K.L.:
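Structure below; questions to follow.
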Amino acid sequence: MKMKEKFFRQNGGLLLQQQISSHHDGFEFIKIFTAEELEVATNNYDIDNILGQGGYGTVYKGILSNHQAIAIKKSKIVDASQIEQFINEVIILSKINHRNVVKLLGCCLETEVPLLVYEYISNGTLFEHIHKTHGISLLSWEDWLRIATETASALAYLHSSASTPIIHRDVKSTNILLDDNYTAKVSDFGASRLLPMDKTQITTLVQGTLGYLDPEYFHTSKLTEKSDVYSFGVVLVEILLGQKPFCFERSEEVRNLATYFISLMKENHLLQLIENRFTTEDKIEQFLAVAELAKSCLSVRGEDRPNMKEVADELERLRRLNKHPWVQPKLEESVSLLSESSSFNPAFSSNYPNDVSGQCTLVNDMILSMDLPR
Ligand SMILES: Nc1ncnc2c1ncn2[C@@H]1O[C@H](COP(=O)(O)OP(=O)(O)OP(=O)(O)O)[C@@H](O)[C@H]1O
């Protein structure tokens with residue numbers, strides 16, 4: 001009992017309780033779970049309940065006494081200096097209510113490391129569906145486009161939320177979960193990444209995952225919403241090509257998918273690859289428009305990238321074309337429409353450096369100097 005109380009205090013429990021009682025705007029939705037409740041739910045953190053292991057900790061499946069399925073994130077290490085920030089983020093995140101964001105249900109603070117409790121999303125990660133090793137994916141081009149649109153709208157929502165925009169910081173296909181209906185749910189942002197920075201990782205400063213990391217953020221360490229836009233661009237390419245973001249099986253200069261993609265676009269080899277992946281004959285305009293959009297997201301300079309709202313709107317527009325094919329513009333029109341669209345930065349479709357090898361050097365630099373946490 002004494003230990004639990006000590007941990008609860010150490011983990012900012014009093015601060016959270018105080019915040020809860022001072023909010024009157026429906027904030028009571030966040031639940032503070034007891035350690036016992038979660039032990040029962042996970043069968044004492046049984047190994048069979050492990051859903052996955054990330055660089056930051058372990059995720060367990062649990063079933064609450066009311067039969068609700070949950071995912072519990074247990075981090076490896078806690079940095080005491082970050083507790084206040086952690087509690088503030090828990091409060092912000094628990095207020096987020098978007099159909100394409102994994103809901104944070106609450107937390108448990110009376111354990112050595114605080115535990116975060118999320119709704120359980122049943123159908124695996126987007127990564128697993130894109131890179132399915134057994135059998136072919138059941139998802140159609142329309143599904144992929146919908147999933148991309150849902151993800152973009154969730155990120156646009158986070159960027160525009162409340163007084164402080166929430167930057168995801170680790171957008172990648174393993175952080176996009178799919179539910180029973182293959183609806184996208186963005187996970188693993190905010191509080192879950194604040195916790196476990198041990199001292200050695202602080203010196204790295206730049207956080208992110210190889211292949212998805214914004215080169216501008218890597219060089220400047222200055223984080224903006226546009227870093228999420230870059231990483232989302234990589235996810236779009238992953239969907240289009242069905243290839244992994246970083247792959248040692250590709251030759252050295254195109255190991256990084258973004259670099260590979262840009263070189264394919266330059267050499268006009270893109271369509272051939274996409275067509276091999278999707279056996280759809282009449283969606284060429286959409287493939288090309290999504291490719292142009294991805295290219296703009298991958299612009300080297302953050303300011304040349306569209307913002308997430310513009311990306312989401314463009315994907316939504318393309319989806320509508322899908323539903324009403326008779327209003328599809330001709331290929332040349334759709335490409336020029338995309339670059340001329342008033343809501344977009346007119347520069348963005350042509351701002352990739354012509355020198356693809358320059359980009360490779362950049363990426364190789366990044367690999368060499370990154371102290372990768374996983
Ligand atoms: N809410 C959830 N519902 C169902 N499964 C989940 C949920 N959250 C996470 N998972 C599973 O747990 C795995 C590990 O998640 P986690 O976010 O810790 O790691 P990651 O995203 O693979 O890596 P990292 O956190 O280092 O970026 C995920 O790949 C997913 O399979």
Side-chain angles (χ1 to χ4, degrees), residues 31 33 38 41-42 45-64 68-78 86 89-90 93-94 96-108 113-133 147 150-151 154-155 167-198 200-201 204 206-214 217 227-228 231-232 234-235 238 244-246 370-374:
K31 183 167 161 51
F33 291 88
L38 298 184
T42 56
Y45 298 97
D46 193 291
I47 196 163
D48 288 343
N49 286 44
I50 294 180
L51 286 170
Q53 225 136 8
Y56 293 84
T58 309
V59 182
Y60 292 86
K61 184 180 179 177
I63 307 283
L64 295 174
Q68 181 180 12
I70 53 170
I72 303 170
K73 187 163 266 193
K74 193 176 194 177
S75 292
K76 282 180 191 155
I77 319 151
V78 201
F86 166 71
E89 291 230 6
V90 166
L93 299 187
S94 64
I96 288 179
N97 207 350
H98 187 281
R99 67 184 290 273
N100 301 116
V101 174
V102 176
K103 181 107 192 85
L104 178 69
L105 301 174
C107 59
C108 173
V113 289
L115 305 170
L116 292 164
V117 180
Y118 296 89
E119 63 173 329
Y120 172 73
I121 310 296
S122 57
N123 220 344
T125 67
L126 179 61
F127 183 93
E128 288 157 12
H129 287 271
I130 297 176
H131 310 289
K132 232 180 168 89
T133 40
I147 289 167
E150 289 169 345
T151 306
L155 293 173
I167 301 174
H168 188 294
R169 287 180 277 184
D170 200 11
V171 174
K172 55 177 174 174
S173 58
T174 52
N175 281 338
I176 300 163
L177 306 180
L178 298 176
D179 75 3
D180 282 346
N181 304 315
Y182 295 96
T183 298
K185 305 269 182 181
V186 174
S187 84
D188 203 18
F189 55 94
S192 56
R193 3 218 76 244
L194 267 178
L195 273 177
M197 291 233 296
D198 65 19
T200 55
Q201 282 183 22
T204 317
V206 170
Q207 293 179 61
T209 302
L210 195 59
Y212 295 92
L213 190 63
D214 167 15
Y217 168 49
S227 291
D228 283 353
S231 308
F232 179 76
V234 179
V235 174
E238 217 179 324
K244 293 185 180 159
F246 194 83
M370 258 180 105
D371 176 12
L372 291 169
R374 71 208 81 156

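Just so you know, ligand 1 is whichever comes first in the structure, and atom 1 is the first atom listed for that ligand. The figures here come from the full heavy-atom set of this structure, side chains too, leaving out hydrogens, waters and symmetry mates. Quick note: residue numbers are just sequence positions, from 1. If you're wondering where the values come from, they're calculated on a predicted model, not measured in any experiment.
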K.L.:
Can you list the ligand 1 atoms lying under 4.0 Å from a non-hydrogen atom of V102?
P.N.:
1 (N)

K.L.:
Checking contacts here: is it the side chain or the backbone of K61 that comes within 4.0 Å of ligand 1, counting heavy atoms only? Could be both or neither.
P.N.:
neither

K.L.:
Suppose we screen for side-chain hydrogen bond (donor to acceptor under 3.5 Å, both in side chains). Which residues come up paired with Y212, at least two apart in sequence or across chains?
P.N.:
S173, E238

K.L.:
Any nitrogen or oxygen of I121 lying under 3.5 Å from a nitrogen or oxygen in ligand 1? Just yes or no.
P.N.:
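Yes; at least one N/O pair falls below 3.5 Å.
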
K.L.:
Quick one: which ligand 1 atoms are inside 4.0 Å of a heavy atom on D188?
P.N.:
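Those qualifying, in numeric order: 17 (O), 21 (O), 24 (P), 25 (O), 27 (O).
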
K.L.:
Contact between K73 and ligand 1, counting heavy atoms under 4.0 Å?
P.N.:
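Yes, K73 has heavy atoms under 4.0 Å from ligand 1.
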
K.L.:
Cation-pi check for F127 against K172: NZ or CZ below 6.0 Å from the six-membered ring centre and within 45 degrees of the axis, yes or no?
P.N.:
no

K.L.:
Using a strict cut-off of less than 4.0 Å between a Lys/Arg side-chain nitrogen and an Asp/Glu carboxylate oxygen, indicate whether R99 and E150 qualify as a salt bridge.
P.N.:
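Between E150 and R99 there is a salt bridge, with a charged N closer than 4.0 Å to a carboxylate O.
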
K.L.:
Give the numbers and elements of all ligand 1 atoms closer than 4.0 Å to a heavy atom of E119.
P.N.:
1 (N), 2 (C), 3 (N)

K.L.:
Given side chains that start at C-beta, do those of L178 and I121 come closer than 4.5 Å, heavy atoms only?
P.N.:
no

K.L.:
When you measure from the centre of the six-membered ring of Y118, is the NZ or CZ of K103 closer than 6.0 Å and no more than 45° off the axis?
P.N.:
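No cation-pi geometry.
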
K.L.:
Check the pair Y182, H129 against ring pair (Phe, Tyr, Trp, His ring centres under 6.0 Å), reporting the backbone distance first and the verdict last.
P.N.:
CA-CA 10 Å; Y182 295 96; H129 287 271; 5.6 Å; yes

K.L.:
Relative to the heavy atoms of D170, which atoms of ligand 1 are at a distance of less than 4.0 Å?
P.N.:
27 (O)

K.L.:
Find out whether K74 and V113 are in side-chain contact, i.e. whether some heavy atom of one side chain is under 4.5 Å from a heavy atom of the other.
P.N.:
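Contact flag for K74/V113 side chains = yes.
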
K.L.:
Counting heavy atoms only, which of N175, L51, I50 comes nearest to atom 11 (C) of ligand 1?
P.N.:
L51

K.L.:
Which atoms from ligand 1 have a heavy atom of K172 less than 4.0 Å away?
P.N.:
23 (O), 24 (P), 27 (O)

K.L.:
Relative to the heavy atoms of L177, which atoms of ligand 1 are at a distance of less than 4.0 Å?
P.N.:
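Close to L177: 1 (N), 2 (C), 3 (N), 6 (C), 7 (C), 8 (N).
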
K.L.:
Show which atoms of ligand 1 fall inside a sub-4.0 Å distance from at least one heavy-atom site of G52.
P.N.:
12 (O), 13 (C), 14 (C)

K.L.:
Quick one: list whatever passes side-chain hydrogen bond (donor to acceptor under 3.5 Å, both in side chains) with D180, sequence neighbours left out.
P.N.:
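Counting only residues at least two positions away or on another chain, D180 forms a side-chain hydrogen bond (donor to acceptor under 3.5 Å, both in side chains) with S122.
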
K.L.:
Report the part of S187 (side chain from C-beta onward, or backbone N, CA, C, O) that has a heavy atom under 4.0 Å from ligand 1; answer both or neither where that applies.
P.N.:
neither

K.L.:
Under a 3.5 Å threshold, yes or no: a donor from one side chain and an acceptor from the other, between N100 and T151?
P.N.:
no

K.L.:
Which of the atoms in ligand 1, numbered in the order shown and given with their element, are less than 4.0 Å from a heavy-atom of Y120?
P.N.:
3 (N), 4 (C)

